[in-house]
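Below is one structure, written out as structure tokens; the observations come after it.
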Amino acid sequence: MRVFKFGGASVKDAEGIRNVVKVLQEVGHEDTLVVISAMGKMTNAMEKVVASYFKDKQAITASIQEVIDYHESILSDLFENKNHPVYNKIKLLFDEVKGFLAWNKSPKYAFVYDQVVGYGELVSTTIVSEYFNEVGIANVWQDVRNLIKTDNNYRDASVNWERTQKEVSAKVDMSKLNITQGFLGSDDNNFTTTLGREGSDYSGAILAYCLNADSVTIWKDVPGVLNADPRNFKETQLLDQISYREAIELAFYGASVIHPKTLQPLQRKEIPLLVKSFIAPNGDGTTVGKGEDISPKVPCFIVKKNQVLIKLSSLDFSFIMEDNISEIFKLFHHHKMKVDLIQNSAISFSVCLDNKFNGLELMLNELKRKFKVVCHEDVSLYTIRHFNDKAVKSLQNGRSVLVEQRGRETVQLVVK
């Protein structure tokens, strides 16, 4: 059996949902479980609802209505009969959101976030499931919160694998087409939890693991995994094969390939992951699995923009030793700075950071008490896996290189 995952871009409008039907008609849907994300940018829109709840309760009605209007426009395009049961099902889901926000007493942002944002997936899968039935593709709608059981670490829940295996085995009939949500789970009290970054891909991997699936296919708007992001690099090439290890390496350096936590359960059971195009579903795509590290073996380019490069040196020219470095990393952790590159000598320490949570200014003030600090903001960190001289020169050309670091397989450049 197979697991298919369709992201928000594939179901962002009525035409996208019709295209998902075409994909299933072309590649088949027997013995298949389909995992679907929220439509388009609806996760962002639901986050706006949560923000209104905490910051401006007068704006809640308008922010919810924005989400309702978006989905109703898709409904009206897909279902001509305005008395179709799907309309009432969607209304009831949004009534649940409004009801929760009215009676909730918890002041915890992460808890409220998980109870509200997940309705993007519940609504999208309800619409898709009903449309499939409408066009003659019989299916079973599954509430994934009854399948994936987690702890109560809201917004980044950990899977209870034993309970999840038990629930999936008992509730998923693989002789039928099943449709369920990505990103979501539930805790011991049946409150909704979310699985963190790349949660929908991870959901597919969790379910595939529990079902001993033959494969997982992630359907995207690109032909597969490319050796560079076409938004940042002019010439790109399709990768036919990537090993689990190589995919994890690429993800570690910042490539939007597949998040490592998605790969881990698949690697344990050697379930191949396919990345294919929902625009051209019969294309070869990319296979992530056992075997050759990468094929074809070409340089892979990754860029992280809006980074910060900090160079620290001791005020008295003393060595920067383990106790100094330990203190520095405690500051990074405290200010939620993600470290992407480190380079050090006896009296200096350079680090490239992601200032995702805007803690830079406070952290610099603390560092300046003990170190001489030089800070470069708005730099870019380029990584080339399987580099050659031509690839490195293409990045160096016309750029001011602040730091260069080379290994056997990887070169990294911090450029201004």
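With Q58 as the partner, the side-chain contact (heavy atoms from CB on, under 4.5 Å) test is satisfied by one option alone out of D56, I60, T61: D56. With respect to Q181, the side-chain contact (heavy atoms from CB on, under 4.5 Å) criterion is satisfied by exactly one of I148, T126, L122, V123: L122.
Between E26 and K22 there is no salt bridge, since none of the side-chain N atoms of the basic residue sits less than 4.0 Å from a carboxylate O of the acidic one. Between D229 and R231, at least one side-chain nitrogen of the basic residue sits less than 4.0 Å from a carboxylate oxygen of the acidic one, meeting the salt-bridge criterion. Salt bridge K330/E327: absent, no basic N to carboxylate O contact under 4.0 Å. Looking at D143 and K171, no side-chain N of the basic residue comes within less than 4.0 Å of a carboxylate O on the acidic one, giving no salt bridge. Using a 4.0 Å cut-off between a side-chain N of Lys or Arg and a carboxylate O of Asp or Glu, D340 and K304 qualify as a salt bridge. Between E130 and K89 there is a salt bridge, with a side-chain nitrogen of the basic residue lying less than 4.0 Å from a carboxylate oxygen of the acidic one.
Between F278 and F6, the distance from one ring center to the other does not fall under 6.0 angstrom. For Y113 and Y154, the gap between ring centers reaches or exceeds 6.0 Å.
Applying the salt bridge (charged side-chain N to carboxylate O under 4.0 Å, His left out) test to every pair with at least one member in residues 265-280, sequence neighbours left out, gives these pairs: E270-K290. Pairs engaging residues 178-189 under the salt bridge (charged side-chain N to carboxylate O under 4.0 Å, His left out) rule: R163-D188 [sequence neighbours left out].
Cation-pi check for K57 over Y53 is met; the charged atom lies under 6.0 angstrom from the ring centroid and within 45 degrees of its normal.
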- Go through T194 and D114 one step at a time and tell me if the side-chain hydrogen bond (donor to acceptor under 3.5 Å, both in side chains) criterion holds. CA-CA 6 Å; T194 60; D114 280 9; 2.7 Å; yes

- Task: Please assess N365 against E361 for the test side-chain hydrogen bond (donor to acceptor under 3.5 Å, both in side chains), listing each intermediate value before the final yes or no.
- Result: CA-CA 6 Å; N365 289 334; E361 186 176 350; 4.9 Å; no

- Task: Please assess N139 against N133 for the test side-chain hydrogen bond (donor to acceptor under 3.5 Å, both in side chains), listing each intermediate value before the final yes or no.
- Result: CA-CA 7 Å; N139 66 91; N133 284 325; 3.2 Å; yes

- Message: Show, in sequence, the C-alpha distance, side-chain angles and deciding distance for E249 and R245, and conclude whether the salt bridge (Lys or Arg N to Asp or Glu O under 4.0 Å) test is met.
- Response: CA-CA 6 Å; E249 290 279 2; R245 176 184 175 279; 3.7 Å; yes

- Would you please test D293 and S243 for side-chain hydrogen bond (donor to acceptor under 3.5 Å, both in side chains) and show each step? CA-CA 5 Å; D293 271 358; S243 68; 3.2 Å; yes

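Summarising the geometry of N355 relative to M337, their closest heavy-atom pair is OD1-CE, 3.1 Å, with the distance given to 0.1 Å.
Formation of a donor-acceptor pair under 3.5 Å by the T180 side chain with backbone atoms of Q142 is found in this model. In this structure, the side chain of Q165 engages the main chain of C210 through a donor-acceptor pair within 3.5 Å.
The aromatic rings of Y109 and F54 sit tilted relative to each other, their planes meeting at an angle between 30° and 60°. Between Y131 and F79, the angle of the ring planes goes over 60°, which puts this pair in the perpendicular group of the 30/60° scheme. In this structure, Y202 and W161 have perpendicular ring planes: the angle between them is above 60°, well past the 30° mark.
The shortest side-chain heavy-atom distance between V225 and I258 does not fall under the 4.5 Å cut-off.
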